[in-house]
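So the structure is just underneath, and the comments pick up after that.
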Amino acid sequence: MDGVSVLAGRFKIFDCEGYMGKKGLRFRLPLLALVIGIVSILIAACGSDPTATSVPATDAPVPTSPPQVVKVGTTVPLSGSLANWGDLVNVSMELAFERANSENWAPGFTFELVTEDHQGSAPVGISALRKLVTVDKVPVVSTIFTQIALAQVPVADDLGVVLVSSGVQHPDFGKLSQWTFRNASNSAHNADVLYRHVTENLGLENPRYAAIYHGGNDAVRILLERDKTLLATFGGEMVAEEAYIPEEKDFRSLLTKLKSANPDVVHLITLGTETALMLNQAAEIGLTPKYFMTITAEGAEVIKVAGSAAEGLIYASPAFNPENPDPELQDFLREYKARIGKDADGFAAAYYDGAKMIVEAVKRSGGASSQEIADGMRSILTFEGIGGDYTFDPATGDGWQSFQIKSVVDQQYKTVVPLIAPYDIAQ
Amino acid sequence: MATLEVQGVGKSFGGYTALEDIGLSLDAGSIMGVIGPNGAGKSTLINIISGFLKPDTGTVKINGKDITGKAPYRVFKSGIARTFQDSQVFGYMTGLENVMVSAPWGIGVQEYNVLARPFAVAREEKQKREEAMAHLAQVNITDKARSMAQALSYGQQKLLEFARMLNSRANVFLLDEPMAGIHPDLVDGLKALIVAMAKEHNKAVILVEHNLKVVMEMSDYVTVIRNSVLLSGTPDAVSKDERLAGAFLGVTDATA
Amino acid sequence: METLAQFLVNGFALGGVYALLSLGFGVIYNTVRIFHVLHGAVFITAGYITWVFVEHTGLPLYAAGIIGVAGATGAGMLIELGVYRPLRKKAAGFLTAFLASLAGMFFIEGFLVAVSSTDLKVLKQGPLSVFHLGDVVIAYFHIIIIVVVVLLFTAVTLFLRSTQWGRMIRAVASNPELALSVGINSNQVFLMVFALGSSLAGIAGIFRAYDVGLEPVVGLQLAIIASIGVIIGGIGSLPGAALGGLTLGLAQTLVAFLLSGQWSQPVAIIIMLAFIVFRPYGLLGTREHKELRRLL
Ligand SMILES: Nc1ncnc2c1ncn2[C@@H]1O[C@H](COP(=O)(O)OP(=O)(O)O)[C@@H](O)[C@H]1O
Ligand SMILES: [Mg+2]
């Protein structure tokens with residue numbers, strides 16, 4: 001689990017470095033597995049309640065033939081400490097399918113969720129995908145966690161099944177196969193938005209940038225490359241790049257060194273815990289540039305640990321706005337809370353939207369084979385969801401989601417730029 | 001009641017019977033010489049009395065109190081101190097510390113006093129230091145007080161052991177060949193010291209030696225052992241007994 | 001030049017905590033001859049206990065800290081009584097004791113993950129308060145660390161040199177069999193040594209928890225650091241252990257400064273290997289070098 005994408009990117013948390021990268025997790029798995037396993041079975045049982053999937057109103061014309069059932073697979077963690085992510089995906093997608101079925105979004109089709117536990121492990125994720133395709137005959141599968149999704153791509157290619165994700169962060173996920181689609185912005189998009197924000201909204205002329213990054217995995221390297229492209233587009237120079245390892249907690253040397261490079265803006269490709277310590281230690285030595293990063297900034301510890309040092313931290317987040325009065329969104333939020341007991345967040349909304357797009361794809365092609373769903377997906381160029389607006393690149397199947405820029409103000413997360421429409425900066 | 005009383009002590013190692021039915025008793029102020037050829041079981045006896053070995057049979061009593069098979073540190077606390085045949089010192093402590101360590105008494109032993117009464121502990125330390133220096137002086141090695149024990153010669157280490165034992169406030173001293181390896185010039189002084197311990201300080205001393213002449217000179221009583229007690233009595237009586245020669249039969253160093 | 005001075009300040013603060021930890025490890029290792037990996041568990045126990053009291057009872061930090069150190073001391077003694085003493089009774093070897101200790105460390109780590117998650121536990125919010133000396137920034141807290149370490153080192157040295165208990169501990173370390181013959185109960189001495197070493201680790205743990213926070217995995221990591229500190233300082237030498245810890249802190253800081261933070265962990269191992277090959281008796285050790293070769 002360790003080598004996985006780190007990153008940056010608002011779905012960073014999906015990659016679970018902070019949870020899975022640590023030793024000792026295994027000790028917690030058995031403990032929580034049972035409880036959460038039971039809970040999710042109960043939820044799944046409720047979700048597949050036949051009354052929920054039953055058809056139109058009484059005065060509707062009686063259909064000549066029963067609707068075709070489209071089985072949609074998910075590979076998610078259902079056990080262990082990550083099981084809450086499995087619940088998030090399944091409940092969000094179920095809510096979308098229930099609505100699609102009752103409101104007849106794709107006439108002639110009803111949708112049904114089939115879920116498999118990938119246990120947060122790539123090998124298990126692969127066999128889960130195989131089982132869904134060969135045994136359950138699902139034409140489309142939604143997945144979560146970068147390292148598992150990347151391992152599944154060649155298998156999806158082999159089997160010719162559509163692989164959708166609404167959370168995977170790796171910048172190349174969409175490009176990897178004609179069968180992969182994503183309705184989420186990736187970590188590079190996240191950087192795009194932030195560089196643009198620095199240039200256009202903070203009024204810095206040719207700022208001196210620096211990057212602090214964790215480890216040196218593939219996704220981090222792609223992101224550092226992206227920084228260079230963005231500098232070419234927006235101006236400014238990269239004056240320092242400093243790496244650290246997650247075990248390290250004393251960043252004072254690194255920061256002292258960084259201070260002598262005198263940066264104006266620092267791109268933090270870091271995890272929540274270390275971010276807080278870095279901000280503290282930087283404040284101590286008087287290193288106070290602007291910092292920008294991903295939604296990892298909302299990790300539980302950042303404000304708690306960094307306190308005043310977190311003030312002014314900038315980050316990009318999906319433009320999910322729970323205050324929006326849109327009835328579909330409000331219904332979703334209410335139902336989600338009723339089923340899970342927690343408020344839905346941007347991730348949940350994105351999975352709801354991902355399910356909705358599958359319905360839309362079936363509707364557009366009028367068929368539910370993998371090929372028909374893939375063709376349908378490719379024909380969607382823009383999409384308005386409850387989690388924001390999306391645009392898609394038909395060549396790659398990759399999506400852009402609208403962003404907002406947020407910042408820590410008075411020890412709270414505040415939106416500073418409410419909506420940044422999907423767009424692409426540096427093709 | 002004798003100060004030290006050993007009764008019916010036996011010990012085997014595997015199938016080999018090193019000691020069988022050993023008995024001896026000793027009073028304060030007297031020296032008991034224990035002699036016998038190499039391998040007779042003299043050191044084994046010392047080890048049993050001092051608690052380093054558990055006897056298979058028999059008892060060891062001090063002032064009537066049974067201490068058979070007690071751990072060595074308990075035996076020490078009941079008033080028995082010993083030296084080792086091959087010199088044993090705390091190599092990485094100074095000469096002075098080697099001596100001071102054998103005084104585990106006073107308020108400094110209660111760890112909380114170190115925090116609660118540091119000055120009282122410091123005063124006690126000073127007293128212990130002076131006492132230890134006096135004992136170093138008794139064996140003429142005050143100049144080694146600050147040297148690491150490990151750096152001393154074999155003979156000096158044996159003298160240091162002696163000083164450590166003198167410092168212990170024990171009533172019974174078990175000396176396992178104390179003269180072996182000591183520089184000839186110092187042997188007489190050491191002999192005088194041992195005699196003085198018994199006569200002036202009223203200690204009960206067991207003196208293990210394989211040198212017959214030395215033992216006869218110094219002891220009040222002599223016990224000859226070779227796995228079991230062959231002879232015992234005053235030096236005069238023992239040296240006249242014709243069985244004495246038999247004890248050392250086949251052993252070359254009998255009177256060396 | 002200012003940055004070099006700055007790095008020295010940072011290095012002393014980090015090295016101070018390492019020095020305490022190594023000192024505790026050294027006191028235990030030298031006497032009991034046990035590769036006490038659970039030292040790391042004792043270290044985090046203090047931090048976690050303190051954190052729990054500060055977080056959940058609102059106790060002032062110093063009071064919670066005292067409870068934390070007491071908890072660490074108790075934990076160390078319990079480990080001796082519950083793990084090592086039974087093993088010694090069964091005449092278990094060095095390796096068995098080491099493996100038991102390692103297993104115990106993993107167990108504690110897993111336990112902490114289970115009951116309190118992997119979240120970082122920090123005893124304060126926000127940056128440390130600092131003062132400036134020219135261009136060099138110094139945190140008051142780091143001065144406290146350094147002063148406390150110097151005081152504790154002096155106290156431990158005095159304790160071992162000039163109290164009867166100290167001599168008894170050193171006697172057992174030097175010649176356990178002979179120690180028996182001068183009335184020293186080695187089990188009692190071992191317990192004392194665990195109490196002493198563990199309280200030092202506990203203080204280090206609280207320093208760490210206040211400065212950069214604790215998470216379950218740090219236990220093993222810092223137990224390794226502590227042992228490396230002892231090895232490079234010279235097994236058997238307490239000033240060596242403290243100096244070894246300090247050296248490690250400075251080296252890690254320097255490497256992060258000259259190369260990159262990524263090298264701060266490997267450099268500790270590299271330094272240790274260099275010592276084992278070129279100076280196996282460490283910085284100040286003179287005696288146990290043969291043992292070190294045998295050990296590794
Ligand atoms: N721990 C032991 N294990 C086995 N044999 C021993 C042990 N100690 C002593 N012996 C044997 O017991 C016999 C008596 O030894 P020892 O008491 O040292 O003799 P002495 O001191 O009279 O020369 C010797 O044969 C010796 O080999
Ligand atoms: Mg002998």
Side-chain angles (χ1 to χ4, degrees), chain A residues 18-32 81 212-216 241-257 259-260 271-274 276-287 299-311 411, chain C residues 2-4 6-7 9-11 13-14 17 106-115 117-122 124-130 132 135-139 141-142 208 211-221 249 252-266:
Chain A
Y19 303 84
M20 303 295 287
K22 312 249 158 102
K23 286 188 206 115
L25 176 71
R26 54 193 175 276
F27 295 97
R28 193 161 54 159
L29 288 179
L31 194 77
L32 293 181
S81 62
I212 302 177
Y213 62 96
H214 137 333
E241 285 180 356
E242 291 290 333
Y244 71 96
I245 51 169
E247 290 77 36
E248 191 60 58
K249 299 293 174 234
D250 194 326
F251 304 103
R252 294 185 172 96
S253 299
L254 181 157
L255 293 165
T256 303
K257 213 165 124 190
K259 190 185 175 194
S260 60
L271 304 177
T273 302
E274 292 100 69
L277 293 174
M278 274 179 204
L279 292 173
N280 274 341
Q281 293 166 13
E284 286 160 18
I285 61 165
L287 172 64
E301 291 140 343
V302 173
I303 288 182
K304 183 162 190 288
V305 172
S308 61
E311 210 58 15
Q411 308 288 293
Chain C
E2 292 78 25
T3 34
L4 186 69
Q6 182 70 63
F7 124 76
V9 169
N10 298 344
L14 182 65
V17 174
F106 281 125
F107 177 81
I108 301 276
E109 193 177 303
F111 174 77
L112 286 176
V113 170
V115 299
S117 88
T118 56
D119 292 352
L120 191 72
K121 307 279 186 277
V122 192
K124 65 155 190 341
Q125 192 191 43
L128 300 170
S129 26
V130 297
H132 293 257
D135 277 350
V136 180
V137 184
I138 303 173
F141 182 66
H142 291 163
R208 175 90 178 182
D211 193 6
V212 297
L214 289 177
E215 40 186 3
V217 283
V218 229
L220 183 57
Q221 203 183 314
Q252 286 197 341
T253 315
L254 182 62
V255 163
F257 175 72
L258 294 177
L259 299 171
S260 152
Q262 281 172 307
W263 298 103
S264 58
Q265 303 288 332

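Convention: sequence-line order gives letters A, B, ...; per-chain numbering from 1. Keep in mind the model is a prediction, meaning the values are calculated, not measured.
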Separation of I285(A) CD1 from L128(C) CG (nearest 0.5 Å): 12.0 Å
Contacting region of A309(A) [heavy-atom separation from chain C under 4.5 Å]: both
Partner chain A: residue of V130(C), V212(C), V9(C), V137(C) with the largest heavy-atom pair count (under 4.5 Å): V212(C)
Nearest atoms (heavy-atom pairs only) where Q125(C) meets K304(A): CG-O, 2.9 Å
Chain A contact via I108(C) - which portion, at a heavy-atom distance below 4.5 Å: neither
Residue, of S308(A), A243(A), A283(A), that accumulates the most heavy atom pairs under 4.5 Å with chain C: A243(A)
Any side-chain heavy-atom pair of N280(A) and K124(C) under 4.5 Å: yes
Distance-only side-chain donor-acceptor flag, Q6(C) / T256(A), under 3.5 Å: no
Proximity breakdown for L258(C) and chain A, heavy-atom pairs closer than 4.5 Å: backbone
Portion of Q411(A) that has a non-hydrogen atom of chain C nearer than 4.5 angstrom: side chain
Contact origin within Q281(A) toward chain C - heavy atom pairs under 4.5 Å: side chain
Euclidean distance, L14(C) CG relative to R252(A) CZ, rounded to 0.5 Å: 8.5 Å
